[in-house]
Amino acid sequence: MVKTDEAMAKRSGQAEAAARAYRAALARLVRGEGRRVVGRRLRITPAAVAREAGRSRNPLYTTHRDILDEIAAAAAAPGRGKDLAARVAVLEALVAELREHARWHAAEKRALASENLALLHRARAAEERLAARETVETRRQQNAVVAAIVRRP
């Protein structure tokens, strides 16, 4: 009997230690301060609590049913961790939207640069044509002056 009582006391001590670990992990998750949070969204589930506690989740279902109730209550209640996860999701959506706007603006900038280059080319061509006309007109005037001088008696 002594060994049986000793084994039961040992199991009870282990169960209490596990319960403390699960509750501490649940408290960290509720505060949004999980040490073992994987991924960006923080969901309070029995698996997340067990992962955070560094223990198996099987004892939660077999020995610690009361902690399962606490986990369900924490998952249903609003909390900093949930607010943080919701805020992260909103910010990620905003970042995606801003990146899309940035891509659109970059494409618009490229199109405007192309249009600007085409207009610059047209302006230079027009300036060259105007300069050529002025040169022709100046030569005509000079030729007219020379012809008038030559015709004088």
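Computed from a predicted model, the values in this text were never measured in an experiment.
- Going from atom CD of Glu128 over to atom CZ of Arg133 covers 13.0 Å, rounded to the nearest 0.5 Å.
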What donor-acceptor contacts under 3.5 angstrom involve side-chain atoms of residues 117-126, with partners at least two apart or in another chain?
none

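- In this structure the side chain of Arg140 never reaches within 4.5 angstrom of the side chain of Asn143, judged on heavy atoms.
- You'll find the side chain of Val30 reaches within 4.5 Å of the side chain of Ile44, heavy atoms only.
- Taking a 6.0 Å sphere around CZ of Arg99, one finds it holds 12 or fewer heavy atoms contributed by other residues, nucleotides or ligands.
- Atom CZ of Arg23 sits in a crowded spot, with more than 12 heavy atoms from other residues, nucleotides or ligands closer than 6.0 Å.
- Other residues, nucleotides and ligands contribute over 12 non-hydrogen atoms within 6.0 Å of the CD atom of Glu108.
- Distance check, rounded to the nearest 0.5 Å: OH of Tyr22 to CZ of Arg57 gives 10.5 Å.
- Here the side chains of Ile71 and Leu29 are not in contact, with every heavy-atom distance at 4.5 Å or above.
- Checked by atom type and distance alone, the side chain of Arg65 pairs as donor or acceptor with a backbone atom of Tyr61 at under 3.5 Å.
- Looking only at side-chain heavy atoms (C-beta outward), Glu115 and Leu112 come within less than 4.5 Å of each other.
- Nearest heavy-atom pair, Ala74 versus Leu26, reported as atom, atom and distance to 0.1 Å: CB-CD1, 3.9 Å.
- Distance check, rounded to the nearest 0.5 Å: OG1 of Thr45 to CZ of Arg51 gives 6.5 Å.
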